[in-house]
Amino acid sequence: MAKARKSRGESMLLRYLVLGGWALVCLLPILWFLSIGFRPRTEVITPQPIYWPTFSLDAWHLLMSDWPIAKYLRNSVIAVAGSVVIDLMLAIPAAYALARYEFKGREDIGFYILSTRMMAPAIVAVPIFFLFKTLGLLDSVWALMLIYAAINLSLVTWIIRSYMLDIPKELEDAARTDGAGDLTILREIIVPACLPGIITAAVIAAIFAINEFLFTLLIASTSNAYTMSVALANFTGGSDGIIYNAIALVSFIAFVPILILVILIQKHLSRGLTMGAVKG
Amino acid sequence: MASIHLQNIEKKYGAFVGVQNMSLEIADEEFLVLLGPSGCGKTTTMRMIAGLELPTGGKIVIGGEEMTEIDARDRDVAMVFQGYALYPNMSIYENIRFPLRMRGIPKAEHDARIRQAADMVELGSFLDRKPGALSGGQRQRAALARAVVRQPQVFLMDEPLSNLDAKLRQSMRVQIKHMQRQLKVTTVYVTHDQIEAMTLADRIVIMNKGAIQQVGTPDQIYSDPANTFVAGFIGSPPMNLIEGVAQNGRFVAPGVTAACPGYVQGRVTLGVRPEDCHVGGDNVQGMVYGVEPTGDTTYLTVLAGTKKIEVKAAREYRSDIDVPISITFDPAHLYFFGEDGQRIRGAA
């Protein structure tokens, strides 16, 4: 006889065990970070790991008193949010033109825009440095805003374009016969219809911008324009040597906004990353 | 309200000719149906009238004004699309309101006009819903309301019923016809469904391969087809077209003979509608191929030589297959077409 069939309940249990196990593997480093961040400094540097630490806010107090975390966070938020706004303002009309207007070289221009993303960033690091030096924008949050916008513009354009391609052309034809012009169609029909795509593109751009390191390090020469990513790299815990629990806590704080963004767009993320490779 | 004149319009896509040298006069308040198989140029013709596509040649005049190069938004033309094309982010109310806003109609008038249009298509109680929360028939009615609300000079309808099921299509058809008569707006309607064309149209334009095959009232198109394409396209089942030879007043094909006028000579095609064929007599000697009762009538297929001939038989007619059978044609309703497919007509 055939082997006994598993009941529905058993197979569900198995699924939960496997998925739960995998989730634990993925989450363990983050939980370990968190546990280091909230234990006393002495417990961090023992030769034998202590799995059940005593809870302590030492690292938190150290950060709050000695380290301008609020300033770094503010810099990050200004530069990232500003860059996303610039990206959307440029990318939405560009994506619409690439998705809808018939003109010679349309595909070439689309590919050229995307190809700017293929270049290794280090290649342009030195020219960018001199460019911003000439413009007097070194060590400024505004410079970071422009750089993040430039880095992500191609990606944002392409993600939005792929969503726009999925909007039935009939909708625009209808709006046109109803008496709407191009800008009205873009504003009232196209943008609302591909809002999920625009949000996805914005969040992906924000995540890339938050994590941007190379150009931030290049432009932000003092803590004036440090964002979380560079401040984190420079952080050792102060004058008393390397303070691991404070580093762990800062890392966790830097990680939280990204986590929130990813949770927000989880539903659209895979779609946004495949970018019209398979039309949804 | 307006008449529409198409003068020698033409649409080419590179080497491909979508519509060739088409001239057509559409009278004020007329309901004109463009009928043809897919790819025949009917939708392209309509899109050129709408201004969504520019002709590569010719002239379009709407209401006495030349519109050939005028943008769609500046033509007073409303269009209903096959896929409804309702704006998904707006409520039905806002959808119907959109053309009023775009055309700068005073805000004070909006509400009354929207409700009037919605009532006309019986959607009054759905105004605050989003299109996604409506059924297919309701969406198409909403699209109709959006078209009528601004009282345009011309309605264009591009296969508006083809996404609906058969039953709904019938009731929507009546509604569209009623509305057009009520509003007296010149209407151009594109379809590939001959029943829609026959039931709705004042006049039908039959198109094939980018060219007009025949223009006429439904009766003319049905009873006086200009060529084999029209003859074979209209009617359900369509006209039997039997290729044979005519000589000295006699048409002969395998298993088929019939009297024909003396001016019909040589290789010709005989056309006869299934309802003009009757069981018995001597025009066709063949075998029963199949019998299809539909309730109100029975369709009989007769194999004569290698040709299958459709006969509309009496309701109670029944037969086994492969039984010898003879058929007569109604001699008053025989059509003859030449080798070029065009109808052969005697000297008037």
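Just so it is clear, the values below take in all heavy atoms, side chains as well, and ignore hydrogens, waters and symmetry mates. Per chain, numbering begins at 1; letters A, B, ... match sequence-line order.
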Handout entry: Region of A/T177 in contact with chain B, defined by heavy-atom distances below 4.5 Å
Key =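 Contact with chain B is through both the backbone and side chain of A/T177.
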Handout entry: Contacting region of A/E172 [heavy-atom separation from chain B under 4.5 Å]
Key =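 When you check distances to chain B, no heavy atom of A/E172 falls under 4.5 Å.
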Practice task
Dump the intermediate steps for side chain to side chain donor-acceptor pair (under 3.5 Å) on A/D178 and B/Y87, then the final yes or no.
Solution key: CA-CA 12 Å; A/D178 279 346; B/Y87 312 126; 2.7 Å; yes
Handout entry: Nearest-0.5 Å distance that lies between atom CZ in B/R113 and atom CZ in B/R97
Key =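 Between atom CZ of B/R113 and atom CZ of B/R97 there are 12.5 Å.
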Handout entry: Per-residue contact mode, B/D76 against chain A (heavy atom under 4.5 angstrom)
Key =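 Answer is neither: B/D76 stays 4.5 Å or more from chain A.
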Problem - Under 4.5 Å from a heavy atom of chain A, the part of B/L86 involved - result: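 B/L86 touches chain A through backbone heavy atoms alone.
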Exercise for the section: Verify whether one side chain among B/Y93 and B/D111 offers a donor that lies under 3.5 Å from an acceptor in the other. Expected result: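 Distance-only check passes for B/Y93 and B/D111.
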Practice task
Run the salt-bridge test on B/E122 and B/R141 with the 4.0 Å N-O cut-off and return the result as yes or no.
Solution key: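 Not counted as a salt bridge, because no side-chain N and carboxylate O are separated by less than 4.0 Å.
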Problem - Electrostatic pair B/K42-B/E159, nearest N-O below 4.0 angstrom - result: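 The answer is yes: the pair qualifies as a salt bridge.
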Practice task
Name the member of B/A147, B/P88, B/A78, B/G83 that forms the most heavy-atom pairs with chain A at distances under 4.5 Å.
Solution key: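 The candidate making the most pairs under 4.5 Å is B/G83.
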